[in-house]
Amino acid sequence: MRTRRKPDWLKMRPPSGQRFTDIKSTLRDRNLNTVCEEANCPNLGECWSGRDGPGTATFMLMGDRCSRGCNFCDVQTGGMEALDPDEPANVAEAVAEIGLDYVVLTSVDRDDLPDQGASHFAETIREIKRRDPGILVEVLIPDFQGEPEHVRKIIDAEPDVIAHNIETVERLQWPVRDRRAGYEQSLSVLQQVTDESDIHTKTSIMLGLGEYHHEVYQTLSDLREADVDIVTFGQYLQPSRTHLDVFEYVHPDVFETWRRVAEDELDFLYCASGPMVRSSYKAGELFVDALLREGSSVEEARQAARAAAGQ
């Protein structure tokens, strides 16, 4: 039965602590944006406060206004400004000041720019790596309208993980996503990364939008066909009354079932799955860190990530 009231498992911890304050101050001093704030991420308090480890933040490049209007997203649409040429250096400086050894970068869509901002994105990756080659960089990229030369600019900058979110099942791409996005277009971006590099690939799926189980399974199968390595599942939460309604609050047991299907049946390297999981999720970062930096086996990296996330 469908429920409209938020269940107990969706309780959030409010932001607090010195670590949270320090990160916020560093970001404001350099006029930087984070998707954590712009998208009202429910994990902001946990990640920034650094529970059981160092704090983390996902930097959002190219401004705080998007050229697209997806109906699940709280980032504002329209009114984009010119790119800040100092942003790549400012992000790299903030990373050093915060003391991160694993960095997540994402961006708004910038369909208004000649290469949709791919060069700016790539320069930020290079700036971070130039200062400290030991830092692991994960990027969550737009689809760049499916243009291979733009995606290739990201690949050539050599991040450690390239993520692009398919967001939902094929039937619900509209009205969930902007009409310029698309299921096959997103799959093609992920497939290109696999075909042209050894970089790990990652994507995210929201549940609770009205999808059927067989559609979720088909999406997972299509993602594996594109050789995607890592997938995350999270609960869609309505940012405001003007956004899509929540169709269903999915029980944690269902998320655990999808985790087992992804890892045990379809052989994804890792699946983070739970109501509060988001595409830039600390457990996923810990898995990649253990796999790439520590040289752990896939199973060891899975266990380390779940232990650190309290799962």
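Bear in mind that the values here come from a model prediction, so they are computed numbers and not experimental data.
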Shortest non-hydrogen contact from Ala92 to Glu127?
CB-CG, 3.7 Å
Any Arg180 side-chain heavy atom under 4.5 Å of Gln145 side chain:
no
If only side-chain N and O atoms count, and only distance matters, is there a donor-acceptor pair under 3.5 Å linking Asp160 with Tyr102?
no
Once the angle between the rings of Phe287 and Tyr270 is folded into 0 to 90°, is it parallel (under 30°), tilted (30 to 60°) or perpendicular (over 60°)?
parallel
Would you call Glu158 and Lys129 a salt bridge, taking side-chain N to carboxylate O under 4.0 Å as the test?
no
Kindly work out whether a path of hydrophobic side-chain contacts (I/L/V/M/F/W/Y, heavy atoms less than 4.5 Å apart) joins Met80 to Phe59.
no
Does the side chain of Thr232 reach to within under 4.5 Å of the side chain of Met206, using non-hydrogen atoms?
no
Please assess Tyr217 against Glu265 for the test side-chain hydrogen bond (donor to acceptor under 3.5 Å, both in side chains), listing each intermediate value before the final yes or no.
CA-CA 11 Å; Tyr217 190 88; Glu265 182 178 340; 2.4 Å; yes
State, without any angle test, whether Gln238 and Asp245 hold a side-chain donor-acceptor pair at a distance under 3.5 Å.
yes
Of the options Thr168, Ile205, Leu244, which is the one that meets Tyr236 in a side chain to side chain contact (heavy atoms under 4.5 Å, CB included)?
Leu244
Between Asp109, Val108, Asp64, which is the residue that forms a side chain to side chain contact (heavy atoms under 4.5 Å, CB included) with Val75?
Val108
Would you kindly say whether Gln116 and Arg110 are connected by a side-chain donor-acceptor distance under 3.5 Å?
no
Tell me whether Arg177 forms a cation-pi arrangement with Phe72, defined as NZ or CZ under 6.0 Å from the six-membered ring centre and within 45 degrees of its axis.
no
Using distance alone, with no hydrogens and no angle criterion, decide if Ser67 and Asp111 have a side-chain donor and acceptor under 3.5 Å apart.
yes
Test log, rule salt bridge (charged side-chain N to carboxylate O under 4.0 Å, His left out), inputs Lys153 and Asp115:
CA-CA 10 Å; Lys153 289 178 181 179; Asp115 70 351; 3.0 Å; yes
Quick one: are the ring centres of Phe233 and Phe255 less than 6.0 Å apart?
no
